[in-house]
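The structure appears below as structure tokens.
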Amino acid sequence: MLGQKKKVTNEQWEALFRNIGNIVSKAEIDNAIDTCVDELKAASKGKRVGFAWSGGKDSIALYFLCKEAGIINGVWGKTQLEYPAFERWCYANKPDGVRVYDMGLNLVWLSKHQGLLFPANGPTDDKWMPITYWKAQQQFYDNERLDMLVLGRRLKDGNFCGKNKFHVSKSKVSYNPMAFWSHEYVLALIHYYHLPLPPIYQWPEGWVYGTHEWARRNLKHHTVNEVWDAIYQIDKSIVYNAAGYIPSARNFLITK
């Protein structure tokens, strides 16, 4: 069984997904699904409820559970700094009930906030969440007058999941039905129910990075040029477009 996400390598993720049918049986995951859905129904009874969707593996599994529990309205918070192939996949595969909230962060914005480009540490990376996913979720929560927002947070991912899967803040109530699920259970649900995954998981270190804006790609253990090169290998157009606004992108292209 894989441990905390931050300690798992991309190779270990790939091996786990290839072999998940030999690790978790369909009967085992179906039992976990039934339990989770029953709990979700009880937690959401009589409430206006929505869910958060990101296009990543956990949100894909979460939507499956929410749909089984009768929860079909959700939010996808995006920016204009997404990988184009990932963004296209999300538009083609997002659930019908998911509303798109574009936070408007673009290259002009990034050129004025270059201290957030390629975070080298946790505190810098943490500055992205309040202006992207969390902001979109709060706007959705308020606009839809929700009583509860369902999230795909899990302890194995190092996420805070509240008390008894609930987290009550000043601005919203969230519920984390998959809080105690292992990585294996998430991948087993996707495997047995043939749910499509976005292209990020086929890219270098895709399982490690998961869903993220390209500008948020982690600088830790890498040089700026190495991060630009990783993005260049995924989609050259990102770097060429960024070069018009970001000096380090222009400097990288000189080396190509």
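Keep in mind that this is a model prediction, so the values were computed, not measured.
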Under 6.0 Å from the [atom1] atom of [X], do we count more than 12 heavy atoms belonging to anything else shown?
X      : atom1 : answer
Lys172 : NZ    : yes
Asp126 : CG    : yes
Leu107 : CG    : yes
Asn164 : CG    : no
Lys94  : NZ    : yes

Q) Any cation-pi pair here, Arg217 with Tyr209, using under 6.0 Å and within 45°? A)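 Relative to the ring axis of Tyr209, which defines the angle, Arg217 lies inside both limits.
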
[Y] side chain reached by [X] side chain, heavy atoms, under 4.5 Å:
X      : Y      : value
Tyr141 : Gln137 : no
Ser44  : Val150 : no
Pro119 : Arg216 : yes
Trp181 : Leu65  : yes
Ser59  : Trp76  : no

Using atom types as modelled and distance alone, determine if a side-chain donor or acceptor of [X] lies under 3.5 Å from a backbone N or O of [Y].
X      : Y      : result
Glu184 : Ile23  : no
Asn106 : Val108 : yes
Gln202 : Pro199 : no
Thr255 : Phe252 : yes
His113 : Trp109 : yes
Asn10  : Gly206 : yes
Thr124 : Ala120 : no
Glu82  : Thr79  : yes
Ser182 : Tyr185 : yes
Arg145 : Asn143 : no

Q) Should Arg48 and Asp147 count as an ion pair when the cut-off is N to O under 4.0 Å? A)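 Looking at Asp147 together with Arg48, the answer is no, because their closest N to O distance does not fall below 4.0 Å.
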
(Q) Any salt bridge linking Asp229 with Lys256? Criterion: basic side-chain nitrogen under 4.0 Å from a carboxylate oxygen. (A)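 Yes, charged N to carboxylate O under 4.0 Å.
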
Q. According to the interplanar angle, ranging from 0 to 90°, do the rings of Phe140 and Tyr101 count as parallel (below 30°), tilted (30 to 60°) or perpendicular (above 60°)?
A.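 Because their plane-to-plane angle is over 60°, the rings of Phe140 and Tyr101 count as perpendicular.
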
Q: Test Cys66 against every option in Leu40, Val49, Asn73 by the side-chain contact (heavy atoms from CB on, under 4.5 Å) rule and name the one that passes.
A: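 Running side-chain contact (heavy atoms from CB on, under 4.5 Å) over Leu40, Val49, Asn73 with Cys66 returns exactly one hit, Leu40.
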
Q: Give the intermediate values and the outcome of ring-ring contact (aromatic ring centres under 6.0 Å, His included) for residues Phe118 and Trp228.
A: CA-CA 9 Å; Phe118 306 153; Trp228 278 123; 4.9 Å; yes

Q.
Is there a ring-ring contact (aromatic ring centres under 6.0 Å, His included) between Trp214 and Tyr232? Walk through the geometry before answering.
A. CA-CA 10 Å; Trp214 60 259; Tyr232 186 87; over 10 Å; no

